[in-house]
Peer 1: 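Please read through the structure below; I'll follow up with questions.
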4 protein chains.
Amino acid sequence: MHIRIERGSATPISRQIMEQIRAHCLSGTLKPGDSLPSVRKLAQRLAVNVNTVVRVYERLSAEGLVEMRHGEGTFVLPQSAKAENSQQMAEQRNQFSLEFSTVIHRGILLGLTATELRKMLTASIADAKRELKAEASAQRSRESETRTA
Amino acid sequence: MHIRIERGSATPISRQIMEQIRAHCLSGTLKPGDSLPSVRKLAQRLAVNVNTVVRVYERLSAEGLVEMRHGEGTFVLPQSAKAENSQQMAEQRNQFSLEFSTVIHRGILLGLTATELRKMLTASIADAKRELKAEASAQRSRESETRTA
Amino acid sequence: MHIRIERGSATPISRQIMEQIRAHCLSGTLKPGDSLPSVRKLAQRLAVNVNTVVRVYERLSAEGLVEMRHGEGTFVLPQSAKAENSQQMAEQRNQFSLEFSTVIHRGILLGLTATELRKMLTASIADAKRELKAEASAQRSRESETRTA
Amino acid sequence: MHIRIERGSATPISRQIMEQIRAHCLSGTLKPGDSLPSVRKLAQRLAVNVNTVVRVYERLSAEGLVEMRHGEGTFVLPQSAKAENSQQMAEQRNQFSLEFSTVIHRGILLGLTATELRKMLTASIADAKRELKAEASAQRSRESETRTA
DNA sequence: GTGGTCTAGACCACT
DNA sequence: GTGGTCTAGACCACT
């Protein structure tokens, strides 16, 4: 589960983490029953305070997306209804499209041309897909290890 | 000078306004000597608290980008050196490119395809350019009025 | 709004505060639209860390019981439906009755007689009612001040 | 020795167990020399992790209330002095009275009337006594079996 | 090992 | 003034 934190950003770290975990759940990178990294591990990996991660997990738990089991870990919950799920997805995409257009608007103001923006898009898509693939294969190998063991 | 505020965003309103004014200065929509809208007018137009705008102007003033003249208004300052200006531009573009790639990363996680993202890009670029043009022409007509008067 | 914290208790402070605020909302001591004390004030009054109160308010907010308005304060929300409200009340009473019987069970184990327990009950009821009344009258006088002013 | 666990409670399970064993010792349900159930049996009976019970016994052992004899079991120790015993009893009762009044306070907030609370008290006392009796008679029959064997 | 609570203190943003 | 986020660090409880 890749999570990328933008340090200088005005978006609070906790919110960045939360949105990416939500996206992972909606996209299927995280499936019901999967365990999230422990609060301490994720905190260390992201070089973030433990409490920050705890807060994120607590909020996702209040949303009903995950469940924190004392002494065991934090786990993705099965989503109650497909309808609800696809509604969440629609909401997330709407929000995404707003952000996207805001960013582009700023790019144009900064004098970037359509051609430059298209190049950046292509590069960013490639980057993101590479990350996703790398992760998926890492997960597969982890799973096969588990099966062997 | 068009400014667009995204209400739900985690990015604070003041920062949204500030970044867009900076971008307008760098892109030339706002030129040295131009006056910014009065604090009260902008606040009303954006449906934002007056103090929020005051603080934005104060910060831009501290940055040396604008000058607040008591009783007159707020004006764009000539940028001290071209070098500095282009350095600022480079910084802003760097930051932009970081944000851009983060947004795209999230879009990919949400399952958007390259094709969808390209369509969104084209639409957003068209939107942004239309806004810029509308503004430029509005400004031209305002200027000719002033000349006539 | 009286809140009583038992320091040595195994029940976490935050949970004690949360349950009492919930009870105040259900009992009508806190009505929709009422403002809660600011996080800092309540923290100081209870001699508790600010973050502890913040967490309480955040959770009540996630429950939909209150709303935190940035820069304004925290306010009791109107409860969506009477049905829901009375269901919450039933839940709270069920939980109460469980706790109550557990406490009594322990009292009996400690060798307290029925008569002693009844005396304690009468005394505790009187205490609690006195507190409620004192608060209600304090509130009335506050309201009449406001009306006069 | 009856022990009742309230699952949802904020009071940790281990503390619930510990307090009840202490109360049993003070009330005489458990007498010096009596054996506690084995760690595994109690854990199974209460559907609790073995380690949880182990830690409870360890703490009671550290308090000098019981003694863990390797390979034999855990036994109630004779209390060093009556004075100490009655002091412990007083402490426990003080703590009990605090908890009791807190619980009643919450009940009043939830709108329960004095009459309702008195009824609940009577019912809870009856329940608790019934449990104590059932246990006592079970213990007597166990003892007579032992004598016979 | 896991999560849960709490503190003290800092700095930020909105009204 | 109000709430919001984050850190560093402590100590506790459950598996």
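In the text below, chain A, chain B and the rest are named by the order of the sequence lines, each starting its count at 1. The figures here come from the full heavy-atom set of this structure, side chains too, leaving out hydrogens, waters and symmetry mates. If you're wondering where the values come from, they're calculated on a predicted model, not measured in any experiment.
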Peer 1: Rounding to an integer number of Å, can you tell me how far Ile17(C) CD1 sits from dT5(E) C1'?
Peer 2: 12 Å

Peer 1: Could you give the distance from CD (Gln20(C)) to CZ (Arg15(C)), rounded to the nearest 0.5 Å?
Peer 2: 12.5 Å

Peer 1: If you take all heavy atoms of Arg4(B) and Gln16(B), which pair is closest and at what distance?
Peer 2: O-OE1, 4.0 Å

Peer 1: For nucleotides 7-15 of chain F, just jot down a letter per nucleotide in 5' to 3' order: B, S or -, based on protein non-hydrogen atoms under 4.0 Å.
Peer 2: BBB---BBB

Peer 1: How many Å lie between CD on Glu67(A) and P on dG3(E), as a whole number?
Peer 2: 12 Å

Peer 1: Is the phosphate of dG3(F), meaning OP1 or OP2, less than 4.0 Å from a side-chain N or O of Thr74(C)?
Peer 2: yes

Peer 1: Report yes if the distance between the aromatic ring centroids of His2(B) and His24(B) is under 6.0 Å, otherwise no.
Peer 2: no

Peer 1: Round to the nearest Å and state the distance from Tyr57(A) atom OH to dT2(E) atom P.
Peer 2: 11 Å

Peer 1: Using five base pairs at each end, measure the axis-to-axis angle across the helix from dG1(E)-dC14(F) to dC14(E)-dG1(F) and round it to 10 degrees.
Peer 2: 20°

Peer 1: Rounding to a whole Å, what distance do you find between Arg69(C):CZ and dG4(F):C1'?
Peer 2: 17 Å

Peer 1: When rounded to the nearest 0.5 angstrom, what distance separates CZ in Arg69(C) from OG in Ser35(C)?
Peer 2: 9.5 Å

Peer 1: Could you tell me how the ring of Phe100(A) sits relative to the ring of Phe100(B): parallel (under 30°), tilted (30 to 60°) or perpendicular (over 60°)?
Peer 2: tilted

Peer 1: Rounded to the nearest 0.5 Å, what's the gap from OH on Tyr57(D) to OG on Ser14(D)? Could you check?
Peer 2: 13.5 Å

Peer 1: When you measure from the side chain of Thr52(A) to the backbone N and O of Val48(A), does any donor-acceptor pair fall under 3.5 Å?
Peer 2: no

Peer 1: Is there a side-chain polar atom (N or O) of Ser38(C) under 4.0 Å from OP1 or OP2 of dG3(F)?
Peer 2: yes

Peer 1: Hey, what do you get for CG (Leu65(A)) to CD1 (Ile21(A)), rounding to the nearest 0.5 Å?
Peer 2: 8.5 Å

